[in-house]
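Inspection log for the structure reproduced underneath, given as structure tokens.
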There are 2 protein chains.
Amino acid sequence: MLELRLVQGSLLKKVLESIRELVTDANFDCSATGFSLQAMDSSHVALVALLLRSEGFEHYRCDRNLSMGMNLNNVSKMLRCAGNDDIITVKADDGSDTVTFMFESPNQDKIADFEMKLMDIDSEHLGIPDAEYQAIVRMPSSEFARICKDLSSIGDTVIISVTKEGVKFSTAGDIGTANIVCRQNKTVDKPEEATIIEMQEPVSLTFALRYLNSFTKATPLSETVAISLSSDLPVVVEYKIAEMGYIRFYLAPKIEEDDDMKP
Amino acid sequence: MLELRLVQGSLLKKVLESIRELVTDANFDCSATGFSLQAMDSSHVALVALLLRSEGFEHYRCDRNLSMGMNLNNVSKMLRCAGNDDIITVKADDGSDTVTFMFESPNQDKIADFEMKLMDIDSEHLGIPDAEYQAIVRMPSSEFARICKDLSSIGDTVIISVTKEGVKFSTAGDIGTANIVCRQNKTVDKPEEATIIEMQEPVSLTFALRYLNSFTKATPLSETVAISLSSDLPVVVEYKIAEMGYIRFYLAPKIEEDDDMKP
DNA sequence: TAAAGATCTT
DNA sequence: AAGATCTTTA
């Protein structure tokens, strides 16, 4: 028997809107620890890892580990039927091949329940080793989203270069080139407006903007984003979910190609 | 000679936006009593009845009964040229085959007139008998609209079931099932937020969501909607138009089909 | 602010 | 394929 009650239901709505563009089908794994998901995007280039710890729920009951395969578009359709102030409860009986989403309006006048068939999805659950990163950039998530969106109107890839002074986002395309430099800045009114560089050594890596732009769908979940970079390691773009956990997106850097070698 | 002056011109704009999706051509009937319209939708499944009483107009002159056939899309196009604060005057000369819409800006600086050719439309004007309904549900129009929209992302039809305690909207589709229960609630801050059930006996009927969603285009006209249900009678979805009249939509219930009988 | 384009939906 | 809505641009 599984029963999770989340008073701030909008959070679950936002989580699904964050992942939906990248992943179509995925297993939600429930254990005593919490509610988690790990999935590759459809082109097997990017990876999403979600964790919502049990302590973050108002009520959390999970008698035995459960892996529930769902089509995220369908989950999203159902969650869109929940009001932003609704309390969401997720229920599944042991051995059942369905999951139920329950939405209660704040004044309890409206109660909705949505039942959905589960699917069998075979997924290789990758162990993601904790790595030391050469550089971690923390910045306002909205600023990161704006930069990725702006640059993708110029080019397809972005070079992210970190030095002690700041982080530079560069791109080039048919119409020209663009560089956006964000200086480290810890002296701000609100901590969530800070840009903070934790750097062991300078690093410069290239990524496809298309995926970074998908990652920024998670912007509504957190005021800040942490970007962890190391040569030859996938970048980690992390959005913390207050009191509950995180969404992390992983993306391998592009190997620099010599343009003259292209056909 | 016909001349109707409506200071709150936005009202006429909203009326047309409410009907336009359902009905393409219709006769506007003008008499000393008021301005009315009755029309079936293009697939002859739903019926719209509009009444704007003469008392609601700032000036109302209708020397003889007049039936003016119009293409509602074209009327809508013209009315969209009126500002929301404009005063709208509708004019037609006896025997003329045109109608004129006049728009005056609030400060009288702008005066526009749009003339449109009338059409011949033969319509059977149905007498709609006043019926006793087994149940009448009054609820916030926005909530009804939200429910119809949400459910149509899951299924094509909705079962509306009324009991003394409340009203339940249910649907089923490929991805799952959904039930939304609204409890009767008369103790609200504002009367327009109440959900009120007037019930003689319980009733449960099935309707095509496609049409209900068209009906909810009238939501901007009224804070509340009244849904009148009886077995074997068309449902009436009524939006009152303040001080003037109403728009009523009629839709026959679906006869429950035995799924096994389907091909 | 309004029109056009793009994207998503039925 | 058409319509609706959202976003973007003038």
Side-chain angles (χ1 to χ4, degrees), chain A residues 13-14 16-25 41-42 71-82 84 114 116 142 145-156 173 175-176 178 209-220, chain B residues 9-10 13-14 16-25 41-43 45-46 71-86 103 105-107 109-110 112 114 142 145-158 171-176 178 207-221 251 254:
Chain A
K13 287 167 65 98
K14 286 180 198 162
L16 260 112
E17 292 305 316
S18 307
I19 310 181
R20 194 173 61 89
E21 183 175 302
L22 218 50
V23 180
T24 53
D25 302 311
D41 83 293
S42 41
N71 175 295
L72 298 196
N73 274 316
N74 292 345
V75 179
S76 194
K77 267 188 190 170
M78 292 194 163
L79 290 182
R80 270 182 236 168
C81 301
N84 276 325
F114 289 71
M116 195 179 74
S142 56
R146 177 67 196 268
I147 289 169
C148 291
K149 177 171 149 283
D150 285 352
L151 291 188
S152 58
S153 74
I154 311 289
D156 300 327
I175 69 167
L209 280 164
R210 177 188 151 199
Y211 293 101
L212 296 184
N213 272 315
S214 286
F215 299 171
T216 62
K217 299 284 182 220
T219 303
Chain B
S10 61
K13 287 165 65 98
K14 286 181 197 161
L16 260 113
E17 292 305 317
S18 307
I19 310 180
R20 192 172 63 88
E21 183 175 303
L22 217 51
V23 180
T24 53
D25 302 310
D41 83 294
S42 42
S43 52
V45 173
N71 174 295
L72 299 195
N73 275 315
N74 293 343
V75 179
S76 196
K77 272 187 192 168
M78 293 195 165
L79 289 181
R80 270 184 236 167
C81 301
N84 275 325
D85 301 326
D86 283 5
F103 311 142
S105 67
N107 59 10
D109 283 349
K110 191 175 91 180
F114 290 71
S142 56
R146 175 71 196 264
I147 289 168
C148 291
K149 177 174 149 281
D150 283 353
L151 291 187
S152 57
S153 77
I154 310 291
D156 299 327
T157 61
V158 60
T171 193
D174 294 338
I175 71 167
F207 301 99
L209 280 163
R210 176 188 152 197
Y211 294 102
L212 296 184
N213 272 316
S214 287
F215 299 171
T216 62
K217 298 287 182 215
T219 303
L221 278 168
L251 178 64
K254 287 211 158 202

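As the structure is a prediction and not an experimental result, all values here were calculated from the model. Computation of the quantities below employed the complete heavy-atom set of this structure, encompassing side-chain atoms and omitting hydrogens, waters and symmetry-equivalent molecules.
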Practice problem: Could you state the atom-to-atom distance from CG of B:N73 to P of D:dA2 in whole Å? | Solution: 16 Å

Quiz prompt | Any A:V23 side-chain heavy atom under 4.5 Å of A:S42 side chain | solution = no

Exercise. Send over the distance from B:E21 CD to D:dT5 P, rounded to a whole Å.
Key: 8 Å

Quiz prompt | Atom-pair distance (CZ on B:R210; C1' on D:dA4), nearest Å | solution = 15 Å

Quiz item: Is any side-chain N or O of A:R80 closer than 4.0 Å to OP1 or OP2 of C:dT9?
Solution: yes

Quiz prompt | Interatomic distance, B:L22 CG vs D:dA4 P [rounded to whole Å] | solution = 12 Å

Quiz item: Atom NZ of B:K110 to atom P of C:dT1: distance rounded to whole Å?
Solution: 14 Å

Exercise. Specify the separation, in whole Å, of atom NZ of A:K149 and atom P of D:dT9.
Key: 8 Å

Solution key, residues 145-155 of chain B side-chain donor-acceptor pairs under 3.5 Å, sequence neighbours excluded:
from   : atom 1 : to     : atom 2 : distance (Å)
B:R146 : NE     : B:D150 : OD1    : 3.1
B:R146 : NE     : B:D150 : OD2    : 2.9
B:R146 : NH2    : A:R80  : O      : 2.8
B:R146 : NH2    : A:A82  : O      : 3.3
B:S152 : OG     : B:C148 : O      : 3.1
B:S152 : OG     : B:K149 : O      : 2.8
B:S152 : OG     : B:N213 : ND2    : 3.1
B:S153 : OG     : B:D150 : O      : 2.8

Quiz prompt | Distance in angstrom units between A:K217 NZ and D:dT7 P, rounded | solution = 10 Å

Quiz item: In whole Å, what is the span from the CD1 atom of B:I175 to the P atom of C:dT9?
Solution: 12 Å

Quiz item: Any ion pair linking A:E17 and A:R20 (charged N to carboxylate O, less than 4.0 Å)?
Solution: yes

Quiz item: When we call it a touch if two heavy atoms are under 4.0 Å apart, what does A:K77 touch: a base, just sugar-phosphate, or nothing?
Solution: nothing

Quiz prompt | Under the salt bridge (Lys or Arg N to Asp or Glu O under 4.0 Å) test, residues paired with B:K217 that sit two or more places apart | solution = B:E21

